[in-house]
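Following: one structure in structure tokens, then a few remarks.
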Amino acid sequence: MKALEGVKILDFTHVQSGPTCTQLLAWFGADVIKVERPGVGDATRKQLVDVPGADSLYFTMLNHNKRSIELNSKNETGKEVLTRLIETCDVLVENFAPGALDRMGFSWERIQEINPRIIMASVKGFGPGKYEDCKVYENVAQCAGGAASTTGFLDGPPVVTGAQIGDSGTGLHLALGIVTALFQREKSGRGQKVLAPMQDGVINLCRVKLRDQQRLAAGPLKEYSQFGEGIEFGEATPRAGNDSGGGQPGRILKCKGWETDPNAYTYFITQAAVWKNICDVIGAEEWKEAEGYATPPERLDKLNEIFGRIEEWTMTKTKFEVMDICNPLNIPVGPILSTKEIMDDDGLRKTGTIVDVEHPERGTYVSVGCPIKLSDSPVEVTRSPLLGEHTTEILSEVLGYSGDQLDEVIASGAVGTPKPMAAE
Ligand code: COA
């Protein structure tokens, strides 16, 4: 049994933010029915194509464990089918541009009329307000949510991060909103609207930077490297390079091989509790008790010197040797792993976070499995659906269309040209 078994999701999502949300719900056992425009489908199917003719990795890696129905939601018969799906499903998830669902004739009021128990969950770029009508992609959200202004180095421009905190991050927020609304429905018997604006999701993830914004009123942020460098703080939280975001100073330091390997680096945290161990490891025993070094507050204006000294040591070791030496001493360090190293990691494969998936068009590809592990709801990653692969199955098994009625829906052109059932 899976945690969300029996929950039906009408998945009207596309691109990244919405699909990551419904993929998680599918991994937890929900029946996710992805509605796609006939002949076109989710735009990502044909974006960044690496295997000609096959669905792209962009699509396959975001849409595992789902079923696909082709459906033109602007055609009259298509609207009837969509209405039946809304009647049948527990949750409708969408991340269209603002107003698109209303323009199709499916406002929240109309959706509630069709099914008062349904939960309608949306990702939008911005919440209600002056930007609510804007279309938004990942990096816009990173910029509007405070991530870009606080990422990068002090002497450089704002930088966006490779972690898709605007899209996948908001997908996660939305998934939590959906399961919470499902939980409340158990008691209230009613559905509700769930909104996860991308800007708000990024702001939530930048919470500590807004903490620092307020701390500026009390003086310089002493754990930021710029404090020790004597650079004045401005009116907003500055970019802090690789400084740690918390109370334990940290940096990215070079390791053996850094001259040729762009990822021969380690993150090194000078956690106060293990300061003496750090001094021993790097051969700076004199710092253990020395005035100006012995306590964390004293060290804050000397971070460049301290990390410079630690780096002299890390440069003599590989990033994995640093890990092997520091871990037993409780010194928190972390190798800078490349995407290649992550994909080759046996441990991550054992836990199902990195998986091999078979696909009829592209053969075997590597994907990221479910990052959340439930002991009673194991995840089996199955491939993403081909466009309209389950159209007939959904019309007949989920909606109960058969005989002439089924033929009429197909003849209307609302569902493209369905493939025969059980194509596997
Ligand atoms: N049948 C018929 N029409 C369909 C359809 C279907 N099955 N599925 C989608 N469409 C239509 C929509 O109704 C819309 O038509 P309209 O413009 O006449 O109202 C049209 O396709 C395009 O949808 P839209 O959402 O505007 O796509 P886009 O490619 O222009 O914009 C985004 C893409 C991501 C910028 C936009 O959807 C958006 O801002 N979404 C919210 C924020 C978000 O999730 N961003 C991150 C994406 S990773």
Side-chain angles (χ1 to χ4, degrees), residues 10-24 33-48 56 58-59 61-63 66-86 92-107 110-111 120-129 131-145 147 160 163-175 177 194-202 385 387-388 390-391 394-395 409 412-416 418:
L10 170 47
D11 181 11
F12 228 157
T13 68
H14 66 156
V15 200
Q16 185 184 161
S17 64
T20 56
C21 165
T22 51
Q23 177 169 258
L24 280 171
I33 299 171
K34 184 164 174 113
V35 176
E36 299 185 80
R37 214 176 334 182
V40 182
D42 189 323
T44 58
R45 282 187 186 268
K46 296 299 167 228
Q47 278 175 7
L48 315 178
S56 69
Y58 196 1
F59 179 82
M61 290 178 73
L62 295 168
N63 290 284
K66 303 181 183 179
R67 299 200 272 176
S68 164
I69 176 173
E70 283 177 287
L71 184 67
N72 183 349
S73 55
K74 289 182 172 167
N75 146 315
E76 276 318 306
T77 309
K79 283 184 205 278
E80 279 167 32
V81 175
L82 189 58
T83 305
R84 295 282 301 278
L85 279 168
I86 293 171
L92 183 160
V93 192
E94 63 92 23
N95 67 314
F96 289 126
L101 214 52
D102 298 272
R103 286 193 289 279
M104 271 180 215
F106 291 93
S107 61
R110 174 71 192 125
I111 288 168
M120 185 178 103
S122 304
V123 170
K124 293 289 167 261
F126 293 95
Y131 300 126
E132 64 186 322
D133 292 328
C134 299
K135 284 188 178 180
V136 168
Y137 283 105
E138 171 69 48
N139 288 344
V140 175
Q142 288 198 23
C143 293
V160 294
Q164 305 286 283
I165 57 176
D167 280 340
S168 293
T170 307
L172 266 168
H173 283 91
L174 192 70
V194 178
L195 173 66
M198 294 167 71
Q199 180 188 36
D200 303 43
V202 174
L387 177 61
H390 305 97
T391 299
I394 290 161
L395 289 173
V409 171
S412 74
V415 293

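Whatever order the structure lists them in is the order used to number ligands and atoms, beginning at 1.
- L174 approaches A196 most closely through the heavy-atom pair CD1-CB, 3.7 Å.
- Residue pairs meeting the salt bridge (charged side-chain N to carboxylate O under 4.0 Å, His left out) criterion with at least one member in residues 67-79, sequence neighbours excluded, are D31-R67, R67-E393, E70-K419.
- Dense packing is recorded around CZ of F96, with more than 12 heavy atoms of other residues, nucleotides or ligands lying under 6.0 Å away.
- For the side-chain contact (heavy atoms from CB on, under 4.5 Å) test, residues two or more places apart in sequence or in another chain that qualify with T22 are I9, D11, T13, V32, K66, V93.
- When every heavy atom of C143 is checked against every heavy atom of V160, the shortest pair comes out as SG-CG1, 4.3 Å.
- The side-chain contact (heavy atoms from CB on, under 4.5 Å) search around R84 returns E87, L399, Y401, Q405, not counting sequence neighbours.
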Show me the short polar-atom pairs for ligand 1: any N or O of it lying under 3.5 Å from a protein N or O, with distances only.
| unit_1 | atom_1 | unit_2 | atom_2 | d |
| --- | --- | --- | --- | --- |
| ligand 1 | 1 (N) | S73 | N | 3.1 |
| ligand 1 | 1 (N) | S73 | OG | 3.1 |
| ligand 1 | 7 (N) | L71 | O | 2.8 |
| ligand 1 | 15 (O) | K74 | NZ | 2.9 |
| ligand 1 | 18 (O) | K74 | NZ | 2.8 |
| ligand 1 | 19 (O) | R103 | NE | 2.8 |
| ligand 1 | 19 (O) | R103 | NH2 | 3.1 |
| ligand 1 | 21 (O) | R37 | NH2 | 3.2 |
| ligand 1 | 25 (O) | A97 | N | 2.8 |
| ligand 1 | 30 (O) | K135 | NZ | 2.4 |
| ligand 1 | 37 (O) | H14 | NE2 | 3.0 |
| ligand 1 | 37 (O) | N95 | O | 3.3 |
| ligand 1 | 37 (O) | A97 | N | 3.1 |
| ligand 1 | 39 (O) | V136 | N | 3.2 |
| ligand 1 | 40 (N) | N95 | O | 2.9 |
| ligand 1 | 40 (N) | F96 | O | 3.4 |
| ligand 1 | 44 (O) | S17 | OG | 3.0 |
| ligand 1 | 44 (O) | N95 | ND2 | 3.0 |
| ligand 1 | 45 (N) | V136 | O | 2.6 |

